[in-house]
Protein chains: 2
Amino acid sequence: MNQGEHVTAKTTARLDDWRSFAPLDLHPILAAALDRFREHGYHGTTVRDVAGRAGVSLPMIYYRFENKQGLLVALLEDAMSEVLQRARLADAEAEGRVLERFSNVVECIVLHMTHRTATAGLDSELRYLEPANRKKYAALRKELEELLLEIVEEGVAQGLFEVDRAPDTSRALLGMCQAVTGWYHSDGPLTPEEIADRYVAISLRTVGARVRPAPRTHGH
Amino acid sequence: MNQGEHVTAKTTARLDDWRSFAPLDLHPILAAALDRFREHGYHGTTVRDVAGRAGVSLPMIYYRFENKQGLLVALLEDAMSEVLQRARLADAEAEGRVLERFSNVVECIVLHMTHRTATAGLDSELRYLEPANRKKYAALRKELEELLLEIVEEGVAQGLFEVDRAPDTSRALLGMCQAVTGWYHSDGPLTPEEIADRYVAISLRTVGARVRPAPRTHGH
DNA sequence: CCTACCGATCGGTAGG
DNA sequence: CCTACCGATCGGTAGG
């Protein structure tokens, strides 16, 4: 069962600032797989394509990874682990102030969708994961959903937010953020930071936030 | 170049009530293709799979449709045409009352995402369309986006809605609705109508609608 | 509207 | 007996 040293995830570097995004430091094979999956989808990509683009032999892929599925698993889990880690930092930084917790987490998620569009956009390929792999990924995503839900519920409890149903609302918000990967391009008119700010404002309305925080400006 | 009588779209029946959804009356080949595309994706589906499930020979597929791409094109354009047609009816029914126009259109879009989850969920396969086909589909979708945007802008103009940027907000709303196809199941706890109602409420907050008399605590 | 096929390529693995 | 690979090819299947 256990063979060699397959690269699974753990490509993510240590994070100290949840707002800063260094270029993804992926194994060349994963970088190639990501590129092809984004362009042709999981099933539209051949392992030979990946090998060719990575400049390695096809057997090399199977030496480093269990199989084609292993490539998708590594990319998906890497991305989800990273955004989850960032979201927890963003949350913690607010030191319990609900409005700021909410704003930080939404900002962080949208920054992830823009700075990490390629990996974040792989979310739609999740259905091609084998059941065991999907379960692991779903568990990670559920943690993110529950973090946001908990914040929304706390906001309601404190009378700062007004929503009819917190679970529906937080799920809707997450879907709204995820959809950014469908249209964002790094050469578009808006920076990731601008988009994140706008989505924070939109999200605050969605939860019926009573107090509007002073607009944040991004200096240089 | 031109051969036979290819089924393109036009499977949609005439609509008189935008809230009622009859079962999709798809050509058996398209129904089979839809089933396989949903389960394995476009590239994960073989034309032989489709033939087998439809109970026809593989060449029969190519007799009725131009190629594999033609199956996806027909399904995608059919679905988008239908929701667009419904949205226009939903809009017209409000006879210019902005709050109702907005509520109707959002309700209608969410009803589409739930009653038509299979076809609506094919949206993520749009990137596999050849450029010419994608352009046609994108044009249809843009009409829906612009309908919603126009309503949001009118609401702002009339002082009924409060948003920072109408284009961002309406795009975010559409993404929020589209995401419903990712989790909705007909055997879940909520009916399409219940989900639509909840999304209307959420969306009204998102546009800052003065849906009920604002609590007059102090001046604003 | 079927049988019979094609050029090429699929994901994955052999021996060395 | 391990690692990092190679050229060649496996049994089957792809869209047409």
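From a predicted model like this one, the values you see are computed outputs, not experimental measurements. Lettering of chains follows the sequences in order, A, B, ..., and the numbering in each one begins at 1.
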Whether A:His43 and A:Tyr128 hold their rings parallel, tilted or perpendicular, with breakpoints at 30° and 60°: perpendicular

Secondary structure string for DNA chain D (Watson-Crick or G-U under 3.5 angstrom, | for other-strand pairs): .....|...|..|.||

With sequence neighbours excluded, residues passing side chain to side chain contact (heavy atoms under 4.5 Å, CB included) with B:Ala118: B:Leu34, B:Arg38

Gap between atoms CG and P, on A:Leu72 and C:dG11 respectively (whole Å): 13 Å

Pairing residues for A:Arg171 by the salt bridge (charged side-chain N to carboxylate O under 4.0 Å, His left out) criterion, not counting sequence neighbours: none

Residues that A:Glu150 engages under side-chain hydrogen bond (donor to acceptor under 3.5 Å, both in side chains), provided they are two or more places apart: A:Arg101

Ring geometry between B:His27 and B:Phe65 (parallel below 30°, tilted from 30 to 60°, perpendicular above 60°): perpendicular

Whole-Å gap separating P (C:dT13) and NZ (A:Lys68): 14 Å

Listed partners of B:Asn67 passing side chain to side chain contact (heavy atoms under 4.5 Å, CB included), at least two apart: B:Tyr62, B:Gln69

Contacts of type side chain to side chain contact (heavy atoms under 4.5 Å, CB included), residue A:His115, not counting sequence neighbours: A:Phe21, A:Leu111, A:Pro192, A:Glu193

Atom-to-atom span, OH of A:Tyr62 to C1' of D:dA4 - whole angstrom: 18 Å

Between C1' of C:dC10 and CZ of A:Arg36, the distance in whole Å: 16 Å

Euclidean distance for P, C:dA8 against D:dG12 (whole angstrom): 23 Å

side-chain hydrogen bond (donor to acceptor under 3.5 Å, both in side chains) partners of A:Asp49, counting only residues at least two apart: A:Thr46

DNA chain C-proximal residues of residues 123-134 of chain B, any heavy atom under 4.0 Å: none

Short side-chain N/O contact to D:dC5 OP1/OP2 from A:Tyr63, under 4.0 Å: no

Nearest-angstrom distance from the residue atom CD1 of A:Ile29 to P of D:dA4: 11 Å

Inter-nucleotide C1' distance (C:dA4, D:dG16), Å rounded: 13 Å

Residue pairs, two or more places apart or on separate chains, that pass salt bridge (Lys or Arg N to Asp or Glu O under 4.0 Å) and touch residues 127-140 of chain A: A:Glu77-A:Lys136, A:Arg127-B:Glu125

Whole-Å gap separating P (D:dG16) and CG (B:Asn67): 5 Å

Residues that A:Glu93 engages under salt bridge (charged side-chain N to carboxylate O under 4.0 Å, His left out), provided they are two or more places apart: A:Arg19

Residues touching DNA chain C, which here means a heavy atom under 4.0 Å, drawn from residues 37-60 of chain A: A:Thr45, A:Thr46, A:Val47, A:Arg48, A:Leu58, A:Pro59

Salt bridge (charged side-chain N to carboxylate O under 4.0 Å, His left out) against A:Glu146, all qualifying residues, sequence neighbours excluded: none

Length of the CD-P vector between A:Gln69 and C:dG12, whole Å: 9 Å

